[in-house]
Amino acid sequence: MGGEDPALAREVLRQFTLLQRGVVDCVSADELKRRLASAIRAGRPLRVKLGFDPTSSDLHLGHAVVLRKLRQFQDLGHHAVFIVGGATAMLGDPSGKDKTRPTLSREQVEHNAATYLEQAFKVVRREEVSQGGGSAALEVRNNADWFLKQGFADFIRLASKMTVARMIERDNFTKRMKEGAPIGIHEFLYPLLQGQDSVEVRADVELGGTDQLFNLLVGRDLQVDAAQAPQICMTMKVLPGLDGVQKMSKSLRNYVGLTFPPDEVFGKVMSVPDALMGTWYTLLTDVAAEEWEPLASRDPREAKAALAARMADWLHGAPAGSDARARFDKLFRDKEVPDDVERHLLPAAETPDGRLWIVDLLCRLKFAASRGEARRLIQGHGVKLDGAVVVDDKLEVDLGREVLVQAGKRRFARVARGA
RNA sequence: GGGGAGAUACCCAAGUGGUCAAAGGGGACGGACUGUAAAUCCGUUGCCAUCGGCUUCGCAGGUUCAAAUCCUGCUCUCCCCA
């Protein structure tokens, strides 16, 4: 770096510092500074790539961590390239997995891709790229567009760019081999495809979780091979899920979906172990550590509730957080029945005498998946009728007038016999 | 291509002819405590049902009064050799 222009140097440092939040690896930091400097000097924004495979139909807070980073680049005037892994989704990324994932059909992938973008726009600015540059905030690409057009020869050529030795020294493959777990050859191909994406879109920077570092680095090699400047690889700390141990993922069911309703967002965040609060604040908010740390040590519940409300506001707009909190406090802290309990009317035909066996009632309400489960729930004293614990699993409930059914702490329904 | 090992419920894992709906652990759910945190304790964890019945141990057949357990074929996985 020349370093003659102090204004430029300051701007580079400002951007660089902001961008460091939540970042674990940056390959390399110096390159990033240099690239920022030349971008600013030339008025040519960096092309920042982030890709997701539409392997399920939900994005969650774990995805949001990197999406936020992408948004941060946008806010600094850079150009986001969002890759939908239409082709790679069919392969299945081995990163962070201890087992092979099932490959998906074309149809599933396309369906998922559609819902994905919508969810991503909760975090990323969506102005589409305009031809002449200008307000180019976002460019959406689907890697099916290039991969499905390529021929066999192209594919083999790509495969030749990687060695088996390098592949198997990758930690999660080593681990799986040691455990005797299967590894499909197709899983070796995945990083190459992801790397090729970087070549296709001429990425300056690629974002990902720490478990993506290997894949991101492959992109660098392929770019060099294609006579492009190698992308800077930035990995973000992976967001731990609700269990506090494993990374947030839909298949582990420890996630908070970006489309979850406010109450659920609030409640799930409240169930995050205290020890993780700092990580969540760092990765999912811009709140300075000096702000949340004192609160978290003085009043952890309050700090977490503030975080939870913030998440709900973020995903649903301003009053959602405080509203959710009010309902949450009422239900769990004050142990009161919520205001908006769903009402069910059972058709009279189903209850000729106006009575219904409690076990069937629970099944009808989907509070239990089977009669056996309903029985167990009752035997475990988990069912209340008008506030009183049900002890008899043979109870016939009189639906002549409305009754309040509660299963566990959070499932409520008001039921009466319909016409 | 040759040799060996293996596939058990949501996951890991015991069980090698009846007493096995299948030990143990994890997870999940419910209860107590609480801040839907952590820690701890208790209960439940195939389906239907009143005794009782029905379906389940990779898949398909077979032997037997009786199979997760024995036999045959198939599918999949791992290891060693080539």
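Every chain is numbered from 1 and lettered A, B, ... according to where its sequence line falls, protein lines coming before strand lines. Remember, it's a predicted structure, so these values are computed and weren't measured experimentally.
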Determine the interatomic distance between [atom1] on [N] and the same-named atom on [M]; round to the nearest Å.
| N | M | atom1 | result |
| --- | --- | --- | --- |
| B/A21 | B/A68 | C1' | 12 Å |
| B/A9 | B/U64 | P | 29 Å |
| B/G31 | B/U36 | P | 13 Å |
| B/A7 | B/U16 | C1' | 15 Å |
| B/U50 | B/A66 | C1' | 28 Å |
| B/G24 | B/C42 | P | 14 Å |
| B/G62 | B/U45 | C1' | 35 Å |
| B/G4 | B/C10 | C1' | 31 Å |

What does [N] pair with, Watson-Crick or G-U, if both distances are under 3.5 Å?
| N | answer |
| --- | --- |
| B/A38 | none |
| B/G17 | none |
| B/G1 | B/C81 |
| B/A28 | B/U44 |
| B/U64 | none |
| B/G58 | B/C74 |

Counting only heavy atoms not in [X], do more than 12 sit closer than 6.0 Å to its [atom1] atom?
| X | atom1 | answer |
| --- | --- | --- |
| A/Lys237 | NZ | no |
| A/Lys122 | NZ | yes |
| A/Glu118 | CD | no |
| A/Arg202 | CZ | no |

With B for base contact, S for sugar-phosphate-only contact and - for none (protein heavy atoms under 4.0 Å), nucleotides 28-38 of chain B reads --SS--BBBB-

Between A/Ser370 and B/C48, is there a side-chain N or O to OP1/OP2 distance below 4.0 Å?
yes

Between A/Glu302 and A/Arg325, is a salt bridge (charged side-chain N to carboxylate O under 4.0 Å, His left out) present by the stated rule, with each step listed?
CA-CA 11 Å; A/Glu302 182 52 38; A/Arg325 175 163 191 178; 3.0 Å; yes

Set of side chain to side chain contact (heavy atoms under 4.5 Å, CB included) partners for A/Val238, sequence neighbours left out:
A/Thr210, A/Asp211, A/Lys247

Using side chain to side chain contact (heavy atoms under 4.5 Å, CB included) as the criterion, list what pairs up with A/Asp398, not counting sequence neighbours.
A/Arg355

Quickly work out the A/Phe173 CZ to B/C78 P distance and round it to whole Å.
13 Å

Given atom CZ of A/Arg375 and atom C1' of B/U45, what is their separation to the nearest angstrom?
16 Å

